[in-house]
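Here is the structure we will look at, set down as structure tokens.
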Amino acid sequence: MKERITKEGFRRKRGRIRLGLCCIFRKEPIRFRSTTAKHLLQFSRSEQLRKLSAVCLHNSKALLASLEFLKKNGIGAFRILSPFLPRYTHPDVGYTIDDLPDFQIILNNLKQAREFSQKHDIRLSFHPDQFILLSSPQKKVVENSIKELKYQAMLAEYLGADVINIHGGGAYGDKQTALAHFTENFQKLPAELQQRLTLENDDRSYTVGDLIPVCRDLNLPLVYDVHHHRCNPGKLTVEEATELSLSTWTVAGREPYFHISSPLRGWHGSDPKPHADFIDPDDFPECWKCLEITVDVEAKAKELAVLELLRELDK
DNA sequence: GCATGTCAAGTTGTG
DNA sequence: CACAACTTGACATGC
């Protein structure tokens with residue numbers, strides 16, 4: 001900690017680290033809405049679409065408000081929640097954008113969001129949830145996953161988001177076989193989806209060491225989650241994993257994407273996996289501080305945690 | 001208003 | 001063997 005010189009003018013500058021907010025706000029009154037298939041199914045199709053349209057329209061406005069907040073507060077990235085257009089791929093109530101009565105306003109808002117984020121250099125990303133599995137031995141599971149990924153790729157296209165980040169999925173008793181399934185399924189995806197997909201190490205199955213060969217093979221960037229790494233490190237140190245992950249981005253000339261969080265109840269004794277409200281500055285790897293990277297802050301206090309970490313890194 | 005149960009989906013590890 | 005946790009609560013219902 002000695003190398004941080006506090007004297008004005010000699011302040012050690014952090015690398016251009018862009019901090020990212022994940023999905024929602026703790027205190028700022030910006031809320032995204034959702035709805036359920038069960039609720040929708042009691043109405044006629046046209047009534048369903050009216051309700052869905054209202055929610056999607058609300059969310060498109062909430063996104064614009066989010067970006068405005070990020071710009072004002074120096075936050076450089078935003079992860080868009082998966083049900084931004086809720087139940088889009090649901091087998092019974094799924095829809096396309098132009099089914100929605102307000103689709104023109106919604107599309108216009110998405111276009112505005114893209115222009116705003118480009119103008120103010122706010123990086124947008126997606127993180128499909130735990131059901132999205134390209135490594136599953138079940139054909140139906142992979143099919144549903146691809147359907148959802150295509151939906152997120154469509155949104156990413158409208159919004160100019162460059163990252164759709166997923167995990168390796170289950171190990172199914174044999175990681176190498178599962179990763180072979182992943183590779184096989186990845187190669188069948190449309191190019192516009194392949195271009196955006198990234199792989200993230202997780203806190204139970206796949207370590208950075210497990211994923212690096214797949215990433216090299218498929219030319220796939222690795223989103224390095226240092227909290228997951230500390231829960232499930234494999235053989236690599238944080239410095240080694242950082243270096244390996246960086247190489248998967250720089251080969252494509254893209255800005256690396258990392259994740260940070262702190263354990264809810266500390267590193268000792270109880271389960272370290274659940275996330276804390278804020279980031280303990282000691283959890284932020286020293287070796288990241290001079291890098292030009294995006295770091296998503298996975299903390300329960302959301303924008304408050306991002307702002308606090310920003311201040312901490314500026315010290 | 002507020003408490004509570006429910007919501008599309010898969011997999012893993014814990015108690 | 002049920003259940004919480006996972007990147008994340010929000011919504012609907014009933015009092």
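Hydrogens, waters and symmetry mates play no part in the numbers below; they use all other heavy atoms, side chains included. Note on naming: letters A, B, ... go to the chains in the order of the sequence lines (proteins, then strands), and numbering restarts at 1 for each one.
Here C:dT8 is the nucleotide among C:dT8, B:dA9, B:dC7 with the atom lying nearest to any side-chain atom of A:Lys300. When distances run from any side-chain atom of A:Ala37 to the nucleotides B:dA8, C:dC6, C:dA10, the shortest one goes to B:dA8. Among the nucleotides B:dT11, B:dA8, B:dT12, the one closest to the side chain of A:Ala171 is B:dT12. Looking at the side chain of A:Lys38, the nearest of the listed nucleotides B:dA8, C:dT8, B:dT12 is B:dA8. Minimum atom distance to the side chain of A:Arg204 is reached by B:dG13, of the listed B:dG13, C:dA10, B:dG10.
For the pair A:Phe84 CZ and C:dA10 P, the interatomic distance rounds to 15 Å; values are reported in whole Å. If you take CG of A:Leu21 and C1' of C:dT8, they are 11 Å apart, rounded to a whole angstrom. For A:Ile24 and C:dT8, the CD1 to C1' distance is 5 Å, given to the nearest whole Å. The CG atom of A:Leu52 sits 14 Å away from the C1' atom of C:dC11 (whole-angstrom rounding). The CD atom of A:Glu298 sits 6 Å away from the P atom of C:dT8 (whole-angstrom rounding). Residue A:His259 contributes atom NE2, which lies 11 Å from atom P of C:dT8 at whole-angstrom precision. Going from atom CG of A:Asp271 over to atom P of C:dA4 covers 15 Å, rounded to whole Å. Following rounding to the nearest Å, A:Leu133 (CG) and C:dC6 (C1') show an atom-to-atom distance of 12 Å.
Within the nucleic acid shown, A:His228 comes within 4.0 Å of sugar-phosphate atoms alone, with no base atom in reach, counting heavy atoms only. Contact annotation for A:Glu200: no contact, since no heavy-atom pair falls under 4.0 Å across all strands. Backbone-only engagement by A:Pro274 is indicated by non-hydrogen atom pairs under 4.0 Å involving sugar-phosphate atoms exclusively. Across all strands, A:Thr89 comes closer than 4.0 Å to base atoms (heavy-atom distances).
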Give each protein N/O atom lying under 3.5 Å from an N/O atom of nucleotides 12-15 of chain C, with the pair distance.
{"from": "C:dA12", "atom 1": "OP1", "to": "A:His39", "atom 2": "ND1", "distance (Å)": "2.9"}

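Between the P atoms of C:dA4 and B:dT6, the separation comes to 12 Å (whole Å). Distance check on atom C1': C:dC3 versus B:dG5 gives 16 Å, rounded to whole Å. Using atom P as the reference point in both C:dT8 and B:dA3, the two lie 24 Å apart (nearest Å). With both ends at atom P, the span from C:dA12 to B:dA8 equals 11 Å, rounded to whole Å. Remark: the separation of the C1' atoms in C:dC6 and B:dT4 is 23 Å, to the nearest Å.
Taken to the nearest 0.5 Å, the CD atom of A:Glu292 stands 10.0 Å off from the CD1 atom of A:Ile17.
Residues A:Leu159 and A:Ile75 share a hydrophobic cluster, clusters being chains of Ile/Leu/Val/Met/Phe/Trp/Tyr side chains in contact below 4.5 Å. A:Leu218 and A:Val208 fall within the same hydrophobic cluster, defined by Ile, Leu, Val, Met, Phe, Trp and Tyr side-chain heavy atoms under 4.5 Å apart, directly or through other members.
Contact check, A:Lys273 against C:dA5: no side-chain N or O comes under 4.0 Å of OP1 or OP2.
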Candidate pair A:Lys273 and A:Asp271, rule salt bridge (charged side-chain N to carboxylate O under 4.0 Å, His left out), full reasoning: CA-CA 6 Å; A:Lys273 291 198 284 298; A:Asp271 184 5; 3.3 Å; yes

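Stacking annotation: A:Phe131 is not stacked on the base of B:dG10 (requires ring centroids less than 5.5 angstrom apart and an interplanar angle below 30 degrees).
Between A:Tyr88 and A:Tyr95, the ring-plane angle classifies as perpendicular under the 30° and 60° cut-offs. The aromatic rings of A:Tyr224 and A:Trp288 sit perpendicular, their planes meeting at an angle over 60°, well past the 30° parallel limit.
At most 12 non-hydrogen atoms from other residues, nucleotides or ligands lie less than 6.0 angstrom from CD of A:Glu243.
Between A:Glu255 and A:Arg16 no salt bridge is recorded (no basic side-chain N to carboxylate O distance below 4.0 Å).
Between the side chain of A:Arg87 and the base of B:dA8 there is at least one donor-acceptor pair of N/O atoms closer than 3.5 Å.
Figure legend: cation-pi geometry between A:Lys71 and A:Phe116 absent, as NZ or CZ is not positioned both under 6.0 Å from the six-membered ring centre and within 45° of its axis.
Nearest-nucleotide mapping onto DNA chain C: of A:Phe25 and A:Gln130, the residue sitting toward the 5' end is A:Gln130.
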Bracket string, DNA chain C, 5' to 3' - pairs by Watson-Crick or G-U geometry under 3.5 Å, | interstrand: ||||||..|||||||

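A centroid separation of 6.0 Å or more is found between the aromatic rings of A:Phe126 and A:Phe84. Aromatic pair A:His275/A:His259: centroids not less than 6.0 angstrom apart.
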